[in-house]
Every structure is written in structure tokens, then in C-alpha cells.
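All remarks here apply to the structure that follows.
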Amino acid sequence: MIKILAIDDNPDNLTVLSAMLSDAFPDSRTIKANSGKEGILMARTERPDVILLDLAMPVMDGFETCRILKNDEVLNRIPVIVLTAIKTDRQSRIKVLKIGAESFLTKPVEIAELTAQVSSMVRMKKSEDKIREENIQLEQLVQERTLKLSNELKMREETERELKSSLSALQSSKHAALNLLEDLKSENEERRRVEEEVRKLNEELELRVTERTAQLEAANKDLESFSYSISHDLQSPLRHISGFADMLASDYKENLPEEAQHFLETIIKNAKLMAVLIDDLLEFSRTSRKEILTTELDMNKVVEGARLQVVVPQDEARIDWQISDLPVIKGDYSLLLLVWINLIGNAIKYSKNRERAIIKIDCRESEHEYIFSISDNGVGFDMQYSQKLFGVFQRMHSSKGFEGTGIGLANVRNIITRHGGSVWAEAEEDKGATFYISLPRS
């Protein structure tokens, strides 16, 4: 359920907002607050996914309310959308963005714009929360492994102490065993050799524990730095670029020459594309680190689930599907579902210029593996560039003709490789393409 906190001193505004949000998000709950002070208390109690904040309120206005929210170490991660009146001056909007608000809307609010902004902010917050949770889990895993290695080292030390104790007892009885000295001489030398080997092994183990711990800590820090950079250092400035560019287009577009308007539209378009690239890169990172949960899967159901997510009615009307009966395999449902979403989505996208698209999904078996294939009659590609297919941000076609970021097939290769399989493709320009994925039978 999506929790939305609306802060406005006008009860009528709160009623209208609540109705709009209920229609747009049936699974949402709108929490109402009549003042900035009450809104802050509600935010601390309810922990909403997004906050809608009126700017003009008595006692504590929207500026002060936003400043308190963004200075709170618990609440500052909740996205804030400021609601501004039509006559609100430009300086006020700049001020609220500098305080830390993620966006603003102009009253009266249009339902489409409100829906888009709230959806974007909720996705952003859930993505950041998920990254934070994954970092916590990774840190716990590092601590558990470090503790395990530490316990193993203690067991080695205990063994060494026991050996030393045995040697001490042997030395204390030396006078009583002089007649056995010659017989024990070789045994003592062997014992010293064993003790030296144990000492060296303990030193080597301790060094390996230290090195492995340092490597795990460094990897964890690198991962945290990467996640923070993606979720904050890149997304936050990009939101400000989009916000200021939208404000410039809204307030001054008519006063700009035609060439300047084109430049401004290019800035806004590329800022949105950058946001999509960042989201896709985060998805690629999460997929690479997600633990594989293996279960028995009916691949027919996985493919059908992917089709339901990808295919829209206008596409369904022009596509001839030819899907063979597929086997039951072992794998991770969510990851293999993502594989088929990407492969089916590509087949539809690159055959969109055909009057009748033909998409075939098939499987053949060998002694050790299943080989699945999906083919289309689309634009295809030149095989001499096939090595670029599965790289991050690598594209075979212009983004003007076919939208996309170049992350999807990289995700496919990553997931199939982690399942112990492989992925490849065959194609010919303007004659379609066939993608293959192999998965082990056991």
C-alpha cells in the first residue's frame, strides 16, 4: 500500500487531493494534516512514501515545514512535492528546491501531472529503501563470515596450545625416560617439524583471514559508495536539472527564440533519458547481487507471465505467436521472468515495422542442457557486431528508431550465466533475429 501525507491548512484542498489520489492509486491511503506542525508529527508516526506540502500556511509555512523535514535524519529520505499557487513568484520556487524539496506542482493541480509526480517519487523512495536494505544485509553477511573465520582461527590457536602443553609434559618427564631417549629422538624431531608446520599454517591462516576480511570490507564499501552515488549523487542533481528546466520552460518558453526553445527541449528530454538509464543501471546492479532461489519452474507459465507484462492490446492484434510446449526446469522464477520480459520485449520492439510480426518460442533438449530460442521477423542486425549485443549500454540500432538503454540484454546474460548457462544470437539484417539461452538440466 502507498501512504501519501497531504499537508494543507485548507480542509477543502485536502478533500479534493484525497479524492484525486484515491482515484489514481486505488491501493493508496491518504493521511491528512491541517498544519506544518501536525504534518511533521504525522510523518514521524506514519513514515509515508511521499509528502504533498502546501506552501502558504499560517504559523509554520511550507518553507519552514520542508526545512524541518529535510534536516531530520529519519524523515529526510521521504520525497516532498510542494504545491504552489499560480501567482507564486519564481524566487519562492527556487528557494523551496534549494531547501531540498524534490519537485513542485502548480495549483490547481492536474490529475495527470499529480499522478506522474507521485508515481515517480514513490518509485524513487522504494528503490532507495531497497538499496539501503540490501546494504544492511550485505554488511550482516560480512560480519557473519568474519565471525566464522575468527572462530576457525581460535580453534587453530587452541590446537597449538594443546600441542605445546603436550610438549611441556613430555619435557618434564625427560629424566625418567633417559633410557628411551634414542628411541624418542626421531619422534621429537618429527614433533618439532609438525609444530613448525602448525605454526606456519596458523600464521598463513591468520594472514588469509586478515586479507579476506579486508577484501570483504573494501567490497562492501565500494558497493555502498556505488549505491549512494547512483541513488543520491546522480539522481538528486538530475532532479534539480529537470526541475529548473521545467520551470524555465513553464515561465519563459514563449520569450525564448526558437533555437533556444529547441535547446531547452533537448535538455529536458535528455534529463528524462538519464533518469531511465540510472534506474536501469540500479536494476542491473540489484540483479547481479540478488541471491538465486532455485525451485522447479514450468517454463510455459514463466513465458506466459512475461507476455502478460510486456504485450499491449495494439501489439497483440498484429502478432502471430508460435509457442511450443516448454519443459519444467530448475531456476529462480523472478530472474528468469526478467529474462523472458527482455527477450519478448525486444522481439516485439524490433518487429514493430512489420505489418504482421511472427514471434516463435521453442526449446530443444540435449543430454546435459535445455536450449530455448525466441525468433522474430524484424529488422535483425549485422552479425559482425554481435559481440556488442550483451554489453552494458551497447546498442545495435539508433535510439531514434528503437527506444531503449542497452541494459536489457546485459541483464539476460548476467542472469543466465549465474544459472550455469550461456546466451548467444543469430541474425541477418532485415530478416529477423534468433536469441538462444541454454540452461543445465540439473
Side-chain angles (χ1 to χ4, degrees), residues 123 126-127 130 134 279-352 357-378 389-390 392 403-427 432-442:
R123 284 197 307 270
K126 290 188 180 300
S127 176
K130 189 169 183 179
E134 290 174 351
D279 288 340
D280 286 350
L281 189 58
L282 282 171
E283 179 65 25
F284 180 76
S285 175
R286 284 193 295 269
T287 301
S288 299
R289 291 181 285 115
K290 182 182 181 298
E291 180 182 358
I292 294 180
L293 302 177
T294 302
T295 59
E296 284 197 350
L297 303 176
D298 184 345
M299 196 61 90
N300 296 288
K301 295 181 180 180
V302 179
V303 169
E304 185 60 26
R307 282 207 323 136
L308 291 175
Q309 292 197 36
V310 174
V311 181
V312 296
Q314 56 267 36
D315 285 334
E316 189 68 58
R318 69 174 186 84
I319 298 175
D320 290 335
W321 294 97
Q322 300 177 14
I323 303 177
S324 302
D325 188 38
L326 304 177
V328 174
I329 66 161
K330 290 186 178 181
D332 186 296
Y333 175 81
S334 62
L335 292 178
L336 292 178
L337 178 66
L338 182 59
V339 166
W340 284 110
I341 287 174
N342 279 292
L343 293 177
I344 293 175
N346 275 1
I348 295 174
K349 176 168 62 176
Y350 291 111
S351 60
K352 68 180 182 180
I358 301 174
I359 299 177
K360 302 178 182 178
I361 298 177
D362 198 4
C363 178
R364 69 176 189 267
E365 301 180 23
S366 68
E367 182 179 357
H368 301 292
E369 63 184 1
Y370 296 105
I371 300 176
F372 297 89
S373 64
I374 175 170
S375 61
D376 61 71
N377 63 337
L389 273 177
F390 303 100
V392 177
E403 71 282 356
T405 60
I407 292 288
L409 289 179
N411 248 339
V412 169
R413 182 180 65 176
N414 185 26
I415 293 170
I416 296 302
T417 301
R418 294 184 65 201
H419 277 77
S422 58
V423 56
W424 67 97
E426 297 174 354
T434 301
F435 284 83
Y436 299 92
I437 58 174
S438 69
L439 292 171
R441 293 176 65 95
S442 61

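- Rounding to the nearest 0.5 Å gives a distance of 6.0 Å between CZ of Phe435 and CG of Asn346.
- Expressed to the nearest 0.5 Å, how far CG of Asp320 lies from CZ of Arg318 amounts to 10.5 Å.
- Asn342 contributes atom CG, which lies 7.5 Å from atom CD1 of Ile415 (distance to the nearest 0.5 angstrom).
- Scanning for side-chain hydrogen bond (donor to acceptor under 3.5 Å, both in side chains) contacts around Trp321 gives Glu316, with sequence neighbours left out.
- With a 4.5 Å cut-off on side-chain heavy atoms, Arg413 and Leu409 do not count as touching.
- In this structure, Glu367 has no side chain to side chain contact (heavy atoms under 4.5 Å, CB included) partners at least two apart in sequence or on a different chain.
- Using a distance-only test at 3.5 Å, with no hydrogens or angles considered, a donor-acceptor pair links the side chain of His419 to the main chain of Asp332.
- Not a single salt bridge (charged side-chain N to carboxylate O under 4.0 Å, His left out) links Asp325 to another residue, sequence neighbours left out.
- Residues satisfying the side-chain hydrogen bond (donor to acceptor under 3.5 Å, both in side chains) test with Asp362, not counting sequence neighbours, are Ser324.
- With sequence neighbours excluded, no residue satisfies side-chain hydrogen bond (donor to acceptor under 3.5 Å, both in side chains) with Thr294.
- Of all the heavy atoms in Pro440 and Gly421, the pair that sits closest is CD-N, 4.2 Å.
- The list of salt bridge (Lys or Arg N to Asp or Glu O under 4.0 Å) pairs with a residue in residues 432-442, not counting sequence neighbours, reads Glu365-Arg441.
- How far CG of Leu336 is from CD1 of Ile437: 7.0 Å, rounded to the nearest 0.5 Å.
- For Ser438 (side chain) and Ser422 (main-chain N/O), a donor-acceptor pair under 3.5 Å exists by modelled atom type.
- Among residues two or more places apart in sequence or in another chain, the side chain to side chain contact (heavy atoms under 4.5 Å, CB included) test is passed with Ala347 by Ile359, Ile374, Asp376.
- Partners of Arg364 under the salt bridge (charged side-chain N to carboxylate O under 4.0 Å, His left out) rule, at least two apart in sequence or in another chain, do not exist in this structure.
- The shortest heavy-atom contact between Thr434 and Ser375 is OG1-CB, 3.1 Å.
- Residue Leu326 holds its CG atom at 7.0 Å from CD1 of Ile361, rounded to the nearest 0.5 Å.
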Using a 3.5 Å cut-off and no angle test, enumerate the donor-acceptor pairs between side-chain atoms of residues 306-314 and protein atoms at least two apart in sequence or in another chain.
residue: Arg307; atom: NE; partner: Glu304; partner atom: OE1; Å: 3.4
residue: Arg307; atom: NH2; partner: Glu304; partner atom: OE1; Å: 3.3

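- The OH atom of Tyr333 lies 11.0 Å from the CE atom of Met299; values are rounded to the nearest 0.5 Å.
- For Asn377, the side chain to side chain contact (heavy atoms under 4.5 Å, CB included) criterion is met by Ser351, Arg354, Ala357, Ile358, not counting sequence neighbours.
- With sequence neighbours excluded, the residues satisfying ring-ring contact (aromatic ring centres under 6.0 Å, His included) with Tyr436 are Trp424.
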